Amino acid sequence: MGLFNKKKVVVPVIPAESQDVRVRCTSCGRLIDYDALKKNLKVCPHCGYHFRMSAAERIALLTDKGSFKEIGSPISSVDSLHFRDTVSYAERLKKLRDTIGLPNAVLTGTGKIDGVLTSIGVFAYEFLSGTLGSATGEKLTELFEFAGKNDLPAIVVFSSAGERIQEGIYSLMQVAKVIQAIEDYKKNGGFFVSVITNPVLGGPAVIAMGGDVIVAEAGSYVGVSGPRVSEQVMKRALPKEAQKVELLQNKGFVDIVVTRFQLKETLGNILKFYRRWSL
Amino acid sequence: MGLFNKKKVVVPVIPAESQDVRVRCTSCGRLIDYDALKKNLKVCPHCGYHFRMSAAERIALLTDKGSFKEIGSPISSVDSLHFRDTVSYAERLKKLRDTIGLPNAVLTGTGKIDGVLTSIGVFAYEFLSGTLGSATGEKLTELFEFAGKNDLPAIVVFSSAGERIQEGIYSLMQVAKVIQAIEDYKKNGGFFVSVITNPVLGGPAVIAMGGDVIVAEAGSYVGVSGPRVSEQVMKRALPKEAQKVELLQNKGFVDIVVTRFQLKETLGNILKFYRRWSL
Amino acid sequence: MKTLPFEKPIEILYKELKRREVKGYALMGLDELIEKQIEEVYKHITPYDIVLVARHPDRPQPQDYIEKLFTNFTELHGDRAGEDDASVIGGTAFFNGNPVMVIGTRKGHDVKETLRYHSGMVKPSGFRKIARLAHLASDTLHIPIITLVDTPGAMVSAETEVNGQVSAIYSAISALLDANVPVISIITGEGESLAALSLTVSDRLLMLKYAFFAVLSPEAASSVLFKNLDKKREIAKELHITADELLGMNIIDRIIEEPAGAAHRFPHIVMKNVKEALEEELEFVSKEKIDILKRKRREKFRKAGVYSE
Amino acid sequence: MKTLPFEKPIEILYKELKRREVKGYALMGLDELIEKQIEEVYKHITPYDIVLVARHPDRPQPQDYIEKLFTNFTELHGDRAGEDDASVIGGTAFFNGNPVMVIGTRKGHDVKETLRYHSGMVKPSGFRKIARLAHLASDTLHIPIITLVDTPGAMVSAETEVNGQVSAIYSAISALLDANVPVISIITGEGESLAALSLTVSDRLLMLKYAFFAVLSPEAASSVLFKNLDKKREIAKELHITADELLGMNIIDRIIEEPAGAAHRFPHIVMKNVKEALEEELEFVSKEKIDILKRKRREKFRKAGVYSE
Ligand SMILES: [Zn+2]
Ligand SMILES: [Zn+2]
C-alpha cells in the first residue's frame, strides 16, 4: 500500500487578480512568478502541477474567443432550511454574491470549441467548493434541456467537493434530478462529454459518470467522498490514490486523461465526431 | 492458489438402461447401486455428486408428467466440410443416429413446470458432448422464435463441451445466430432462463449468459473453454475452480445455485413471476 | 436490549422492575409507569435521538421485513460484472398475492452478520445489482419494485473507488428513474447519502416514524463543517432528517407509525403497520396507469429543490 | 526477418544474395530468381502455412493500420466496469474524411509489446470495451464502425473466467448485431474463436489473403481431437480456414489481395490494398439505408450454418 501513502495536498484557489507576485507551488514547493503561472495556464512550470481555475478562466481556456454566451435566467441559491454551522448559510450566500458575483456554483452557456458549437456548463469551485445545491441542480438541468432542444452536444466541466450540506436533503435530490435530465437528453440523441478537474466528489462525481465520453485533467481526483466523510464513514483514511484519474483510466472509468494544454484540442476532436456521418 | 489445485474429475455418461448393477461414484469413489442412484435423481447418495443426465431424463425431471411436446421439424447435423479426424464426421453422425436416436444435440419443445406452460430446450450431452453445430443452432433459434410468437417464457438447460469442431466456422457462426434470436426474443418481451448443468463451455456458455435469470446446478462448471483448449491457448493449465458455479455466483454471474432436488421448484417459482402483474 | 442514552429514565424503571420480579415483589403499577415513561421520553425525542433509534441493532431491518411480510422469495444474486454484494438483498416475491421485485439493504443484527454484510455499506456491485434487478422487474417481468432502505451509505474504500462506486451509483439511480413499473420505497432505519438516494427514487416514498433520511450522517456533516464530531446533535437538527420534517417538505409521501418505544421494542406492531401501509400503497399505484405514474415521478424530480429565480 | 518453415527455399537464396552483396559480387539475376522463388513457394502454400504467415511478428497489425490509414484518432479507454484492456484499441477517427469508430485487437510486434498486450488475447474488459464503443458509435455518435481483427482468441485464465469472460463476449456480439450503423470488419491476421467472432459481426466481412478465420486454432483442434499437436497441419485443412475457402462458403464478402511473400515482406502494398478496399466498402455501405443493411445483417446470421431438414 506504499503507493497510497502520499501526503494530503491542500489546493488553494488563486484569485484571478492576486496581489502577490509570487506563489508557492502546492506540489513541488517552489516559488513561481504569478504572471508566468497565469501565462502557463496555471500549470506549475517546474512540476506540472495543475492549479485550480475559476469558472471564468475555464471558459476562457476552452471556448473560442468571444464565442461564449450565458443561457437561461440567473438562479440563486437560497437558505431554505435556515441552516447554521459556524455562520448562517444565508450570510454565506450573501457574502459570495458580494465577492465573486455568482448566484450559484455553475456557469452555463453556449460556445464554440475549435469551431464546433456546443452547450457547456462549468462548476465554479470558488462558490462554496462547487457544491451541489438546488440552484446548481436547476441550472444543470436547464443546460441539458437546452442542449436537447437545440441539438447541441453538452459538455460539463466538473469541480466540486460534493453535496451542499447546508441545503440538506434538497442537495441529495439534485443528483437524481440532474441524472434524469442527462438520461432524457441522451435518449433523445444527445452527446454528453464529462470533464473531470480536481477534485470531483460525491453527487457531482456520480453525475459526471453519465458522460458518453469522460475526459479528465491530469492529476485530478474523482470519487464518492472526500477524506473527512470517508474517515467518518469507514473509521479509516481513504488512500487518495484510489481516486486519481490516471488510476481510474486503467480501471476503465475514464476515457482520456490529458494535461490542461491538450484539453481544448481533445474536446474539439471528440465533438467533431458528433452526428457528422449522414445516415 | 491452493483453492485451485483440485484434481480433474472425469464425468461418465451413464446410459439410461445400464446393464451394470453398481456404479462407482466419480467424486467419492464409493460403489452405488444403480437403481438407487436413478431413484436419487442420479445424485450420489454418499457425497451429493451430480451425475450427468440425458436430455430425456432432464425433461422428465423438469416438466410436469406428460406435458412435454416437441416442437418444430427434426433437423439433422450434416458433414458439410467432409471433416475427418480419427473417423469421418459423417460416420460419427450416422452412428449417433443409430444408437441414441437424436438428429442433433438439442431437444426442444413445450411443457409445464409446476403448472406454468413454458418453452424449453435441453442440450443432449450424449450427442457429441452437446457441441454446438448448425442443426443445434437452428433448433435453438427456432425455439426462441416459437417462444416469442406464442408469448411463452423460454428455458434452456445447457450442457455442452463447446463448439462442434467438425463443422468448423459454421459452428462459430451459431453463437451469433442464437444470440440474435435471444436478443430479438427479449426485446419483444420474452423471459429467458438459463440453466447451467455440468459442464457448459465455449459458445454455449456465452449463449447461456444471455439468461435474464441464470440458474445453475450445484457443482457445475461454466466457462470459455475446456482444459485442453485452455492449455493450448495459454500454455498452462486453467485452475478448474475458476469455472465453478458456486464461485461464479459470488462473482455475480449466476443468480441461483441449487441442487438437482430443488431445480424444478426453483424454476417454477421464477416462471410464476413472468407477466403476472397487470399494468 | 441495549438502552439508548436518551432512554435513561426508562432504564432505571426497567431495573427496578427486574429487581421486583426476581424478589417476587408486587409490581404495584410499575409496568404502567414504564409505559408512561416511554411515552414521555419519546414525546421529547430529538432528531439525533432518532438517529440512534434508527441504528438500534435490534430494530427490524429490510431482510426481516422480507422474511415476515413476503412469500416465495427467490433471492437473485450478482451484478454480472464481477461480484455479488451481500449488503444488498433482492429477488422476486409475492406480497399479499402480488408478484413484486423486492430489493433491500442489509446491515445485520450481530457481529457476525455485520461483518458479512459490511454494516450495510453498499459496494459498487450492490448498486449494479440494484440496477440489474430494477431492469429485470421493469423490462422483463413487468412487476412492481419495492425497496427497503436501511443503510449508513455507500462504502468508501480503495477497492470500492477503483471498482467504480460513483459509476455504479449512477446506474442504480437511472434504472429506478426509468423503471416502467411502479416503485415503492420504504426507509425503515438509516437512510444516508447517495446509497439511500439510489434506493428511494420512487413513486411513493414512505418512512418509518423513527427512521431518518439525510444527505449525509450528522457525524460526517459535523466533521466536514466543524472539523470534529461535537456538533452532531445540533447538525442533526439543522439537516431536517426526520420523517415529520421531510413529510412537511414534501420529500416523502407517508409516515408509517411506530409506537413510543420504537420498532426495537415493538417489532410486531411495526411489521403490521408496514404491511398495512404497503398494501394500501400497492393498491394505490396499481390503480394508476404507468404513464401517469412515470410522468408524476419525472415531475417530482424535475421540481426537486428550493431556489430563487 | 524471420523466415517461415515453408519459406526455406527462399532463405537459401537470401543467404546467397547477402553473401554476394558483402563480397561485392554481381547479382547475375539472383534478385529476379528470388522473386520467382517467392511466387513459387506461395503458389503451393498450405492452410497451416497461412496460419504461420498470419502470425508472423512483422505482419502489420490493427494498430499499424489505424496509425497509417486513419487520422485524428482519439483513443477511448475502458469498459466502465473495472479495467481497460490493452489488447483492444478503439476510438474515433477519420478515414478518408469520414468519421468512424475504429476498434481493433493488438498483439504487439516485440517481446515488450507482446507482454503489454498479452499477445492480443482479449480479456473480459476488452470485450466490454468493444460493446461500449459499439454502443457509442451506434446510439450516440451515429458513425460507422470499422473493426480490425488479429487475435489468437479470448484469454483463458482464472482471472478472466471469474471476471465474466463468457458474459463479456455475449455483450460484444450482441452490441454489434444490434448496431444501428454500418459495420465493416477486416481480419488482418489471426481470426481465432469467439474473440474473432465478437469483432466480425458485420455488414461486410473482409479478409486479407493470408489471414485465417477459425472456430479454434489448428493446434487446439488437434489437441482436442487427437489429444496431441501432431495433426495441426491436417486439421488446418479440414477446418476450412483460408480466405479463399471462406469466400466460397459465403462466410466472408471479399478478399484483400496480398502479393506472394505476404504482408510482412510488403507492408506498403498491403496497406494500400486495405485502404482501397475500405474506401470502396465504406462507400458501398454509405449508399445503403441502415434499415436495409440491418435486415441483411440479420438474415446473414439467421441463415448461418448447414443442416438438413
Ligand atoms: Zn510545482
Ligand atoms: Zn459420491
Side-chain angles (χ1 to χ4, degrees), chain A residues 1 4 73-78 80-81 83-86 104 133-135 137-138 141 163-165 167-177 179-183 202-203 205-210 222-226 228-234 238-239 241-243 247-248 251-253, chain C residues 121 152-171 173-174 176-178 192-194 196-198 200-201 213-217 219-227 229 231 234-235 238-241 246 249 251 298 300-309:
Chain A
M1 295 292 281
F4 289 143
S73 48
I75 285 175
S76 304
S77 297
V78 297
S80 51
L81 302 181
F83 193 98
R84 163 174 284 277
D85 45 86
T86 48
N104 68 72
S134 294
E138 176 65 17
T141 301
E163 279 73 69
R164 180 86 47 89
I165 300 176
E167 296 191 19
I169 204 75
Y170 291 127
S171 170
L172 193 62
M173 292 294 130
Q174 302 311 307
V175 181
K177 173 174 176 164
I179 289 177
Q180 178 168 279
I182 292 170
E183 290 296 299
V206 172
I207 293 169
M209 291 301 119
V222 58
V224 78
S225 60
R228 284 196 175 274
V229 175
S230 306
E231 272 193 67
Q232 198 41 55
V233 174
M234 300 296 295
L238 174 74
E241 282 299 309
Q243 298 183 330
L247 178 61
L248 292 173
K251 293 294 175 184
F253 296 105
Chain C
M121 289 182 295
M155 193 185 272
V156 193
S157 68
E159 183 211 333
T160 54
E161 289 290 331
V162 301
N163 279 328
Q165 189 62 290
V166 283
S167 175
I169 293 172
Y170 188 105
S171 70
I173 293 172
S174 63
L176 286 177
L177 281 169
D178 195 41
E192 282 180 42
S193 72
L194 291 161
L197 177 66
S198 77
T200 52
V201 169
F213 185 22
V215 61
L216 78 180
S217 73
E219 291 84 359
S222 174
S223 172
V224 170
L225 298 170
F226 295 93
K227 320 294 176 216
L229 296 183
K231 303 284 184 183
E234 290 82 348
I235 286 294
E238 299 291 311
L239 281 171
H240 292 61
I241 61 176
L246 293 167
M249 290 156 70
I251 295 290
R298 288 188 54 73
K300 170 176 163 181
F301 286 98
R302 179 64 190 82
K303 287 180 183 160
V306 179
Y307 50 85
S308 83
E309 273 175 288

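Within every chain, numbering begins at 1; the chains are lettered A, B, ... in the order of the sequence lines, protein sequences first and strands thereafter. Bear in mind the structure is a predicted one, so any value in this text is a computation, not a measurement.
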Nearest 0.5 Å please: distance from the CE atom of C:M249 over to the OG atom of A:S80. 6.5 Å
So, the part of C:L239 with a heavy atom under 4.5 Å from chain A: the answer is both
If you count heavy-atom pairs under 4.5 Å with chain A, which of C:I235, C:L197, C:I173, C:T160 comes out on top? C:L197
Less than 4.5 Å to any heavy atom of chain A: does that hold for the side chain of C:S193, its backbone, both, or neither? backbone
Turns out that what part of C:M121 lies under 4.5 Å from chain A's heavy atoms comes down to side chain
What option among A:T141, A:L172, A:I165 has the most heavy-atom pairs under 4.5 Å with chain C? A:L172
Would you mind checking which part of C:D178 comes under 4.5 Å of any heavy atom in chain A, side chain (CB onward), backbone (N, CA, C, O), both or neither? side chain
Salt-bridge contact C:R302-A:E138 (side-chain N to carboxylate O under 4.0 Å): yes
Does any heavy atom of chain A fall under 4.5 Å from the side chain of C:L225, the backbone, both, or neither of them? both
Nearest 0.5 Å, what's the CE-CD1 distance between A:M209 and C:I169? 10.5 Å
Quick one: does any side-chain atom of A:K177 pair with a main-chain N or O of C:A304 as donor and acceptor, under 3.5 Å? yes
Region of A:Q174 in contact with chain C, defined by heavy-atom distances below 4.5 Å: side chain
Between C:V166, C:L246, C:N163, which has the largest tally of heavy atom pairs under 4.5 Å with chain A? C:V166
Counting only heavy atoms closer than 4.5 Å, note whether C:F213 contacts chain A via side chain, backbone, both or neither. both
Using non-hydrogen atoms and a 4.5 Å limit, figure out which bit of C:L216 sits close to chain A: side chain, backbone, both or neither. side chain
Top of A:I182, A:V229, A:I75, A:I179 for chain C proximity - count of heavy-atom pairs under 4.5 angstrom: A:I179
Heavy-atom pairs under 4.5 Å with chain A, option from C:E234, C:H240, C:R298, C:K227 with the top count: C:R298
Which atoms of C:V201 come close to chain A, meaning under 4.5 Å heavy atom to heavy atom: side chain ones, backbone ones, both, or neither? side chain
Stepwise side chain to side chain donor-acceptor pair (under 3.5 Å) test for C:Y307 and A:E167: CA-CA 10 Å; C:Y307 50 85; A:E167 296 191 19; over 6 Å; no
Minimum heavy-atom distance C:E161-A:A242, with the two atoms named: CB-O, 3.7 Å
Identify which part of A:F83 has an atom lying under 4.5 Å from any heavy atom of chain C, answering side chain, backbone, both or neither. both
Would you mind telling me which of C:T200, C:L176, C:L229 has the largest number of heavy-atom pairs within less than 4.5 Å of chain A? C:L229
Output the distance between atom NZ (C:K231) and atom CZ (A:R84), rounded to the nearest 0.5 Å. 10.5 Å
For C:Q165, which atoms come within 4.5 Å of any heavy atom of chain A: side chain, backbone, both, or neither? side chain
Would you check if C:V162 and A:F253 make a side-chain contact, meaning some heavy-atom pair closer than 4.5 Å? no
Among A:L248, A:V78, A:V224, which has the most heavy-atom pairs under 4.5 Å with chain C? A:V224
Heavy atoms of C:V156 and A:S230 approach each other most closely as CG1-OG, 3.3 Å
Does C:G305 offer a backbone N or O that forms a donor-acceptor pair with the side chain of A:S134 under 3.5 Å? no
C:K300 versus chain A, heavy atoms under 4.5 Å apart: side chain, backbone, both or neither? neither
